[in-house]
Trainee: 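To start, I am sharing the structure in question, which I have written as structure tokens.
Note that this is a predicted model, so its numbers are computed, not measured. Sequence positions, counted from 1, serve as the residue numbers for this chain.
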Amino acid sequence: AAGFPVIVETWFVTGEEGGIGHYCLLTGYDDVERQFSALDSYYGPKVRMDYDDFTRLWRGYHGTFLVVYPGGRKADLEGVKGINADQTRAMWAGALANAKAALSNRPGNALALYNLGAVKLRLGDAVGAARTFAEAEAAAPDPALDPTRPARVSGGLPWRFLWYRFEILEAYLRVGQSADVLRLTAGVLRDAPDHEEAHYWRGKALAALGRATQARGELQTALRLRPGFTAARVALTGLGD
């Protein structure tokens with residue numbers, strides 16, 4: 001409404017690929033028809049998206065969005081309700097309330113549990129986050145979000161979900177569950193061997209287990225795949241010679 005198009009990160013389901021992570025650019029809305037208009041890299045430049053269908057997919061990223069704007073309009077953007085870079089803590093507190101409400105509406109839902117765990121982590125509760133992530137793993141999967149899910153995949157989270165979201169790996173690492181990080185990243189690398197974030201988190205987990213040589217190899221692989229991966233370079237430097 002203020003003239004700023006919004007890039008949104010959502011879960012996405014295609015007939016061929018099944019469930020994947022996705023971005024699109026919302027350019028307008030119609031409260032009468034209850035539809036967004038969007039530019040979409042998959043469907044094209046003139047897409048109409050039903051509010052309810054969009055919201056169902058947006059839950060996969062707990063309402064993540066990004067606004068790109070000209071520097072000269074920063075003041076205009078910060079005047080928009082709910083957008084203020086100096087209120088990060090308040091944003092996460094609001095996200096916690098939203099996550100709890102979503103879980104209350106959908107008890108036992110894997111994505112609702114995952115989103116709650118992610119917010120707990122950002123608020124500094126790694127122990128609570130890890131427990132909630134474990135519940136998400138143990139929940140029943142949603143076939144509608146994961147129509148091409150291989151039979152070998154277990155747990156409540158969609159196949160490929162951890163290709164895009166890494167909060168569970170961070171939480172498990174923080175509470176000493178390095179073996180779980182290795183388990184989850186092995187699943188990612190089985191299907192996406194060039195996934196640099198999975199190699200990075202494996203390196204961190206192996207380092208925590210005292211397996212420095214293997215950790216160094218994983219971090220070097222992450223950097224080979226993405227030379228500008230600063231976190232991987234810092235972790236590698238931390239291992240020493």
Side-chain angles (χ1 to χ4, degrees), residues 9 11 21 58-66 85-104 106-141 154-189 195-212 214-216 218-219 222 226 229-239:
E9 189 172 14
W11 195 242
W58 204 21
R59 288 173 184 154
Y61 288 86
H62 199 201
T64 298
F65 68 94
L66 176 69
D86 297 325
Q87 295 181 358
T88 302
R89 183 79 184 182
M91 177 192 73
W92 284 113
L96 180 64
N98 290 339
K100 288 179 176 179
L103 185 58
S104 177
R106 297 178 294 139
N109 180 272
L111 292 187
L113 285 162
Y114 190 96
N115 287 331
L116 178 58
V119 176
K120 287 181 178 180
L121 180 65
R122 293 292 164 252
L123 289 171
D125 181 11
V127 172
R131 290 174 179 164
T132 305
F133 286 139
E135 291 183 56
E137 284 202 79
S154 61
L157 298 173
W159 179 48
R160 301 193 181 106
F161 190 72
L162 299 187
W163 292 19
Y164 310 100
R165 297 195 62 175
F166 315 119
E167 298 97 336
I168 189 172
L169 305 176
E170 181 179 346
Y172 283 170
L173 188 64
R174 286 194 186 185
V175 300
Q177 294 177 221
S178 297
D180 284 315
V181 176
L182 295 179
R183 169 179 59 85
L184 291 171
T185 52
V188 172
L189 292 171
H195 195 291
E196 66 269 27
E197 285 93 350
H199 285 290
Y200 165 73
W201 287 108
R202 282 185 75 78
K204 295 276 285 184
L206 289 163
L209 292 169
R211 294 157 62 180
Q214 291 172 287
R216 189 173 290 107
E218 293 289 352
L219 293 169
R226 193 205 304 174
F229 197 165
T230 302
R233 189 167 300 282
V234 168
L236 184 60
T237 301
L239 289 175

Trainee: Is Asp180 close to Arg183 at the side-chain level, that is, under 4.5 Å between some pair of heavy atoms?
Mentor: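 Yes. Closest side-chain heavy atoms under 4.5 Å.
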Trainee: Quick check: do Ser178 and Leu173 have side-chain heavy atoms less than 4.5 Å from each other?
Mentor: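 Answer yes - side chains close enough.
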Trainee: Can we say Glu197 and Arg165 salt-bridge, meaning some charged N sits less than 4.0 Å from an Asp/Glu carboxylate O?
Mentor: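 Between Arg165 and Glu197 there is no salt bridge, as every charged N stays at least 4.0 Å from the carboxylate O atoms.
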Trainee: Quick check for you: to the nearest 0.5 Å, what is the distance between Leu113 atom CG and Leu103 atom CG?
Mentor: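 So the gap between those two atoms works out to 5.0 Å.
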Trainee: If you look at every heavy atom in Ala222 and Tyr200, which pair is closest and at what distance?
Mentor: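 Reported closest heavy-atom pair: CB-N, 4.0 Å.
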Trainee: Going by heavy atoms in the side chains, are Tyr172 and Leu184 under 4.5 Å from each other?
Mentor: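 Yes, their side chains come closer than 4.5 Å.
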Trainee: Of all heavy-atom pairs between Ala207 and Ala215, which one has the smallest distance, and what is that distance?
Mentor: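 Heavy atoms of Ala207 and Ala215 come nearest at N-CB, 3.5 Å.
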Trainee: Would you give the length of the straight line joining atom CD1 of Ile168 to atom CD of Gln177, rounded to the nearest 0.5 angstrom?
Mentor: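 Going from the CD1 atom of Ile168 to the CD atom of Gln177 covers 9.0 Å.
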Trainee: Does any part of the side chain of His62, heavy atoms only, come nearer than 4.5 Å to the side chain of Asn98, both counted from C-beta?
Mentor: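 They are in contact (side-chain heavy atoms under 4.5 Å apart), so the answer is yes.
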Trainee: Check for a donor-acceptor pair, side chain of Thr237 on one end and backbone N or O of Arg233 on the other, with a separation under 3.5 Å.
Mentor: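 Answer holds: yes.
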Trainee: Show the nearest heavy-atom pair for residues Asn115 and Arg59, with the distance to one decimal.
Mentor: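 Nearest heavy atoms, Asn115 then Arg59: ND2-O, 2.6 Å.
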Trainee: Excluding sequence neighbours, so at least two apart, what forms side-chain hydrogen bond (donor to acceptor under 3.5 Å, both in side chains) with Glu135?
Mentor: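 side-chain hydrogen bond (donor to acceptor under 3.5 Å, both in side chains) list for Glu135, sorted by chain: empty.
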Trainee: Would you call Thr185 and Glu218 a side-chain contact if the rule is heavy atoms closer than 4.5 Å?
Mentor: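 They are not in side-chain contact.
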Trainee: CZ/Arg202 to CZ/Arg211 distance, rounded to the nearest 0.5 angstrom?
Mentor: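 If we round to the nearest 0.5 Å, Arg202:CZ and Arg211:CZ are 8.0 Å apart.
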Trainee: Can you list everything that forms a side-chain hydrogen bond (donor to acceptor under 3.5 Å, both in side chains) with Lys204? Sequence neighbours excluded, please.
Mentor: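 Scan of Lys204 (side-chain hydrogen bond (donor to acceptor under 3.5 Å, both in side chains), adjacent residues dropped) gives none.
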Trainee: Determine the minimum heavy-atom distance between Ala93 and Leu123, stating which atoms define it.
Mentor: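 The answer is N-CD2, 4.4 Å.
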Trainee: To the nearest 0.5 Å, what is the distance between CH2 on Trp201 and NE2 on His195?
Mentor: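 Atom-to-atom, Trp201:CH2 and His195:NE2 are 12.0 Å apart.
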Trainee: For Leu157 and Leu111, work out which heavy atoms get closest and say how close.
Mentor: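 In terms of heavy atoms, the two residues are closest at CD2-CD2, 4.5 Å.
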Trainee: Where do Glu9 and Trp58 come nearest, in terms of heavy atoms and distance?
Mentor: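 Of all heavy-atom pairs spanning Glu9 and Trp58, the closest is O-CD1, 3.2 Å.
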Trainee: Are there more than 12 heavy atoms of other residues, nucleotides or ligands under 6.0 Å from atom CZ of Arg226?
Mentor: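 Yes, because the 6.0 Å sphere around CZ of Arg226 holds more than 12 heavy atoms from other groups.
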Trainee: Within a strict 4.5 Å, meaning less than it, do heavy atoms of the Arg122 and Glu170 side chains meet?
Mentor: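 Contact flag for Arg122/Glu170 side chains = yes.
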Trainee: Just checking Tyr114 against Phe161, ring centres under 6.0 Å apart?
Mentor: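 Yes, ring centres under 6.0 Å apart.
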Trainee: Just verifying a value: how many Å separate Leu96 CG and Asp125 CG, rounded to the nearest 0.5 Å?
Mentor: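 Interatomic distance, Leu96 CG to Asp125 CG, rounded to 0.5 Å: 9.5 Å.
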